[in-house]
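Reviewing the structure listed below.
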Amino acid sequence: MARYRSTLAWILGLVAVFLVSCSGPTTATVAPTYTPVQLAQIRQYESKVVELRQRLPALATLIENRNWTDVRTFIHGPLGELRVRMSILARTLLPEAEATATAAAKEISGHFVEIDEAAVNEDYRQAIRNYAEAVKDFDVLLKVIPQG
Ligand code: ZN
């Protein structure tokens with residue numbers, strides 16, 4: 001009987017050690033997530049960026065038509081606000097997504113500067129190449145924004 005009890009105690013001891021070692025790491029490594037309030041805020045800022053993204057084809061048309069004055073007006077007008085909107089959106093994201101979004105936003109702004117320069121020099125190839133790059137960088141930016 002004594003031997004049975006000590007064996008039982010030994011098994012229970014093992015189970016306890018097992019449970020402690022299992023529960024420890026899982027509770028410690030919960031990934032950070034967005035709160036419903038944050039998600040609602042992100043949706044709001046995202047819609048303001050997407051709104052401008054949807055106007056980009058109009059810029060492509062102006063470039064295609066080599067309408068350089070209107071290209072510059074478009075970049076300084078409607079797209080002028082984009083830089084601010086993108087950085088506000090990036091700041092609402094979790095650190096890793098924020099870094100990607102900030103880098104993409106910087107790329108996009110840089111391409112618009114290049115398109116503006118191309119318009120001054122009436123350089124079609126430089127303009128259309130940077131337009132295509134900006135569209136790609138937009139995809140990178142929008143991909144890190146959480147859905148749902
Ligand atoms: Zn780029």
Side-chain angles (χ1 to χ4, degrees), residues 9-148:
W10 185 76
I11 289 169
L12 288 175
L14 260 191
V15 168
V17 167
F18 181 71
L19 287 177
V20 166
S21 63
C22 278
S23 61
T26 35
T27 46
T29 56
V30 171
T33 48
Y34 296 99
T35 66
V37 174
Q38 283 174 314
L39 283 174
Q41 206 175 32
I42 289 167
R43 279 290 80 74
Q44 196 189 335
Y45 294 138
E46 181 193 23
S47 69
K48 286 175 186 288
V49 169
V50 167
E51 190 186 301
L52 288 175
R53 165 68 184 83
Q54 283 165 348
R55 298 184 65 174
L56 276 191
L59 177 62
T61 304
L62 294 174
I63 295 170
E64 289 292 343
N65 294 335
R66 291 164 165 78
N67 197 336
W68 303 120
T69 308
D70 288 350
V71 165
R72 298 201 69 202
T73 306
F74 196 87
I75 286 174
H76 292 276
L79 293 183
E81 216 187 311
L82 184 62
R83 191 191 298 250
V84 176
R85 289 188 187 186
M86 287 188 299
S87 71
I88 291 173
L89 174 62
R91 269 185 269 136
T92 60
L93 303 174
L94 292 173
E96 204 178 312
E98 183 188 0
T100 307
T102 302
K106 207 173 163 188
E107 280 279 324
I108 294 164
S109 298
H111 292 306
F112 287 145
V113 170
E114 293 270 330
I115 294 169
D116 188 43
E117 252 179 48
V120 171
N121 301 321
E122 305 193 350
D123 185 339
Y124 173 81
R125 288 184 60 165
Q126 186 189 341
I128 207 68
R129 184 171 53 80
N130 279 282
Y131 174 84
E133 288 291 327
V135 168
K136 268 194 246 170
D137 291 324
F138 251 113
D139 289 342
V140 173
L141 172 70
L142 295 176
K143 215 171 270 177
V144 296
I145 294 165
Q147 300 304 313

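Remember, it's 1-based here, ligands and their atoms both numbered in the order they're listed. Numbering of residues begins at 1 and proceeds along the displayed sequence. Note that this is a predicted model, so its numbers are computed, not measured.
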Report the C-alpha distance between Val49 and Leu141 in whole Å, list the side-chain angles of each, state the deciding distance to 0.1 Å, and finish with yes or no for side-chain contact (heavy atoms from CB on, under 4.5 Å).
CA-CA 10 Å; Val49 169; Leu141 172 70; 4.2 Å; yes
Can a donor-acceptor pair be found, under 3.5 Å and without considering hydrogens, that links the side chain of Glu122 to the backbone of Arg66?
no
From CD (Glu133) to CD1 (Ile108), nearest 0.5 Å
11.0 Å
Would you name the N/O/S atom of Glu107 that lies closest to the Zn ion (ligand 1)?
OE1
Measure from the Zn ion (ligand 1) to every N/O/S atom of Asp137 and report the name of the nearest one.
OD2
Is a salt bridge present between Glu51 and Lys48, judged by a nitrogen-to-oxygen distance below 4.0 Å?
no
Closer than 2.8 Å to the Zn ion (ligand 1): does that hold for any N, O or S atom in Glu133?
no
